[in-house]
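Reading through the structure tokens given below for one structure.
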2 protein chains.
Amino acid sequence: MRTRDRILEASVKLFNAEGVARVSTNRIATEVDISPGNLHYHFKTKEEIVEWLFRHLEGRIDPLLDDDAPMRALDDWWLHVHLSLEAIYDYRFVFYDLEYLLREYPRVATRIRRLTLHSLQSVRRQCGELARSGVMRASDEDLEMLALHIVFTGTCWLTFANVLPDPTRSQPPSGLAAYQVLSLLGPYLADEPAHYLHYLRSKYVR
Amino acid sequence: MRTRDRILEASVKLFNAEGVARVSTNRIATEVDISPGNLHYHFKTKEEIVEWLFRHLEGRIDPLLDDDAPMRALDDWWLHVHLSLEAIYDYRFVFYDLEYLLREYPRVATRIRRLTLHSLQSVRRQCGELARSGVMRASDEDLEMLALHIVFTGTCWLTFANVLPDPTRSQPPSGLAAYQVLSLLGPYLADEPAHYLHYLRSKYVR
DNA sequence: GTCTATATGCGGATAGAC
DNA sequence: GTCTATCCGCATATAGAC
């Protein structure tokens, strides 16, 4: 089962660098140094490759979403966000080419939708906990909207960062995205966590 | 110059519905009921079609960004946002396939980047005005971050909406996006504009 | 499991006649 | 301006030998 893994490894590398659409299965085969025929022995279709890569991503994010260790300080949550966004960054091709995948690969599409809903639920719950422990003050409506914005930012920020000119893009990318997510909480935070946020800002902006 | 316009019209329709990558120039020619050769008489390359469509989009957004009529109430700003997002919706293929266009069509890419920066500048200025007229209270740092989030939301929301299940998607799409943008101001608004925001919310959510 | 060879189809784009 | 015919290249996928 070694070749199979090398195919996946090469695929994610190429997809991230050049986009799913531009990378042909032949390219992948060349990169792995096997024949196209051999590649199709391991993965019948290109979609199958993408699907398995997406499963890997799920394997990294789902546990973070399901972890219901107590969430009492902003810092606890920050860690989860950071790890999630690192995973997203490692599989960024998914988020660069979201629409393409949704249209072209139906089986991947359903998995994407499932993961997004799962994220929404968990983030809502986690923010609720933060509110209950006094880290921030927000109404239920606020929390609902916050969760949506947060998942939205996690999902699309990398794409947007690519539109911006280099100065913003050349930051450590997952870190900046994480700060961007966290800053959404800014207006709702109590004094002490607000200072922590400010400290993080100094680390990631400019 | 009639055929030329029919080509552009058919292109934007097909691009929006199926994505730039899936729509071949032959498809467009068929739709317009001309020959492929004829299409290439009017537009040497596919990129040229995309570029001209993007110019049309610019023609609708740039004036809104440059309009420096006084911006004293939240409602003034709301109108600008709404019109911009309507334009974005009419050319939504650009935003669905952002990464694809950035990679595949360099001339379009520079235009996209230019428009994004232009939006950032203008939104920053407009939010500054709103703050100065007392519609909201926000520090310079807040304003900077707000502008970024607002342009980000305008740019990527439609894509994200496609990931969510239908209930959220089946809303009047540009209206929902506009509310989503506006809601970012929520925490910073004074009492009266906050009520106006709440009224808008009732129009666009659920 | 891995290779070579190949089928099949489509996409963008051009040539040249009308 | 518009057409027909065609080139060229690539991508996905398969067949069958080793």
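Chain identifiers are assigned alphabetically (A, B, ...) following the order of the sequence lines, protein sequences preceding nucleic acid strands; residue numbering begins at 1 within each chain.
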Checklist entry - Got Y89(B) and R92(B) here, is their nearest side-chain heavy-atom distance under 4.5 Å? => result yes

Checklist entry - Which nucleotide, dA13(D), dT2(C), dG12(C), lies nearest any side-chain atom of T3(A)? => result dT2(C)

Checklist entry - Using a cut-off of 4.0 Å on non-hydrogen atoms, how would the nucleic acid contact of S35(A) be classed: base, sugar-phosphate, or nothing? => result base

Checklist entry - Toward the 5' end of DNA chain D, which comes first, D33(B) or T45(A), by nearest nucleotide? => result D33(B)

Checklist entry - Could you state the NZ-C1' distance from K44(A) to dA13(D), rounded to the nearest angstrom? => result 10 Å

Checklist entry - Taking atom C1' of dT2(D) as reference, at what distance in whole Å does atom CD1 of I7(B) sit? => result 11 Å

Item to check | Protein-nucleotide distance (Y100(A), atom OH; dA11(D), atom P), rounded to Å | outcome: 11 Å

Checklist outcome for this item: Side-chain contact check for N38(B): nearest option of dG12(C), dT2(C), dT2(D) is dT2(D)

Next on the checklist: Can you measure F43(B) atom CZ to dG11(C) atom P for me and round it to whole angstrom units?
Outcome noted: 19 Å

Checklist entry - Side chains of N38(B) and S35(B): donor-acceptor distance under 3.5 Å anywhere? => result no

Checklist entry - Between D97(A) and R103(B), is there a side-chain N and carboxylate O pair less than 4.0 Å apart? => result yes

Checklist entry - Taking the side chain of S24(B) as heavy atoms from C-beta outward, which of dG12(C), dT12(D), dT4(D) is closest to it? => result dG12(C)

Item to check | Upstream residue (5' side of DNA chain D) when L39(B) and R27(A) are each assigned their closest nucleotide | outcome: L39(B)

Next on the checklist: Output the rounded distance in Å from CD1 (I28(B)) to P (dG12(C)).
Outcome noted: 8 Å

Item to check | H40(B) NE2 - dT6(D) C1' separation (whole Å) | outcome: 14 Å

Checklist entry - dA13(C), dA13(D), dC3(C): which one has an atom nearest the side-chain heavy atoms of I34(A)? => result dC3(C)

Checklist entry - What is the distance, rounded to the nearest whole Å, between atom CG of N26(B) and atom P of dA13(C)? => result 11 Å

Checklist entry - Rounded to the nearest 0.5 Å, how far does CG of L98(B) lie from CG of L98(A)? => result 11.5 Å

Item to check | Enclosure of R55(B) CZ (heavy-atom neighbours >12, cutoff 6.0 Å) | outcome: yes

Checklist outcome for this item: Closest of dG1(D), dG12(C), dA11(D) to the H42(B) side chain is dG1(D)

Checklist entry - Taking CD from E48(B) and P from dT14(C), how many angstroms apart are they, rounded to a whole number? => result 11 Å

Checklist entry - Of the nucleotides dA13(D), dT2(D), dC3(C), which one has an atom closest to the side chain of Y41(B)? => result dT2(D)

